Protein chains: 2
Amino acid sequence: MGITKNHIFDDYQNQTALITKVLGHPARISILQHISKNEYCNCNELVKATGLAQPTISQHLSEIKKIKLLKQKNQGKNIFYAIDTELLNQYRRTINDFFVKIQVNCQSKS
Amino acid sequence: MGITKNHIFDDYQNQTALITKVLGHPARISILQHISKNEYCNCNELVKATGLAQPTISQHLSEIKKIKLLKQKNQGKNIFYAIDTELLNQYRRTINDFFVKIQVNCQSKS
DNA sequence: TTATTATAATGTAATATTACAATAAAGATA
DNA sequence: TATCTTTATTGTAATATTACATTATAATAA
């Protein structure tokens, strides 16, 4: 097959997995770091910063856009990216709560 | 190509991505939840709980083992899985700190 | 208008992932 | 010993991901 059976899992499991999946590539970690540090960060800057080709960066950006973590401001021919910090914080809590719940479950057992 | 260029990223970026990548599948989220809740959780129990085939569960378990998050206790023909809560907590902090750092960077900009 | 610049879209090759049937291995039980 | 149970391994098909060359698109600059 090769296709994930999302339908057999609940929304929480699918959403948790989706967020972490998007973060699950070093290029995307690097891209988020770079955008967070630089005020006017465009595609070309990320190309220079990472050493990856422009279409590859563009592709990773659209992966990150899948969870709506990027805001973009069109300024002439440039597109400057920024992070939706509201949503980032929501995702931080979602993932952290997941870890905590697992931890609590483990401790309740013994 | 199709092969991630890990060598162009630093250890922190690769490690952060590796942890999140392992969490980036609903079956593995489900498996971790189930193991955390059940004292003597073996492979067959996960097969029943998820509805996935036994080799599929076995495969997902070995993905989770890649980041050493599973401890196993051989009891006769059974292998009971448990979560390394020490490491889980370390990973929780790693991922949460990543989110926080990004957040702080964003706020320092403006 | 004709470049130039920036990014997205398309196409494609290589590799990875997901899922599972079939089989193997290892321990328990009759 | 033979059988059953549990899990890992192997093999394989379908799909997804990664990376990039090429091309398209859209805005600016000459």
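Side chains included, hydrogens not; waters and symmetry mates left out as well; all remaining heavy atoms used. Note that the structure is a prediction, hence the values are computed from the model and not measured. Numbers restart at 1 for each chain; the letters A, B, ... are given by sequence-line order, proteins then strands.
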Would a 4.5 Å heavy-atom cut-off, applied to side chains only, mark A:Leu46 and A:Cys41 as touching? yes
Side chains of B:Lys66 and B:Ser62: does their closest heavy-atom pair fall under 4.5 Å? no
Atom CG of B:Asn74: over 12 foreign heavy atoms under 6.0 Å: yes
Around atom NZ of B:Lys65, are there more than 12 heavy atoms of other residues, nucleotides or ligands at under 6.0 Å? yes
How many whole angstroms separate atom [atom1] of [X] from atom [atom2] of [N]?
| X | N | atom1 | atom2 | answer |
| --- | --- | --- | --- | --- |
| A:Ile64 | D:dT17 | CD1 | C1' | 15 Å |
| B:Lys5 | C:dT15 | NZ | C1' | 14 Å |
| B:Tyr40 | D:dT6 | OH | C1' | 18 Å |
| A:Glu45 | C:dT5 | CD | P | 17 Å |
| B:Leu46 | C:dA19 | CG | C1' | 16 Å |
| B:Ile3 | D:dC20 | CD1 | C1' | 15 Å |

Residue pair A:Ala27 / A:Leu52: nearest heavy atoms and the distance that separates them: CB-CD1, 3.7 Å
Minimum heavy-atom separation for B:Ile64 to B:Val22, with atom names? CA-CG1, 3.9 Å
Could you verify whether a donor N or O on one side chain and an acceptor N or O on the other, from A:Asn89 and A:Arg92, lie under 3.5 Å apart? yes
Does OP1 or OP2 of [N] have a side-chain N or O of [X] closer than 4.0 Å?
| X | N | answer |
| --- | --- | --- |
| A:Asn44 | C:dT5 | no |
| A:Lys65 | C:dA8 | yes |
| A:Asn42 | C:dA6 | no |

Can you tell me how far apart CD (B:Glu63) and NZ (B:Lys21) are? Round to the nearest 0.5 Å. 7.5 Å
Residues from residues 73-85 of chain B sitting under 4.0 Å of DNA chain C, heavy atoms only? B:Gly76, B:Lys77
I need the residues from residues 12-27 of chain A with at least one non-hydrogen atom less than 4.0 Å from DNA chain C; give them sorted by number, or say none. none
Specify the residues of residues 52-63 of chain A, ordered by number, for which at least one heavy atom lies under 4.0 angstrom from an atom of DNA chain D. A:Leu52, A:Ala53, A:Pro55, A:Thr56, A:Gln59, A:His60
Please work out whether the ring planes of A:His60 and A:His25 are parallel, tilted or perpendicular, with thresholds of 30° and 60°. tilted
For the pair B:Tyr12 and B:Phe98, name the ring-plane relationship: parallel under 30°, tilted 30 to 60°, perpendicular over 60°. tilted
For the pair B:Thr94 (side chain) and B:Gln90 (backbone), establish whether a donor and an acceptor sit closer than 3.5 Å, ignoring hydrogens and angles. yes
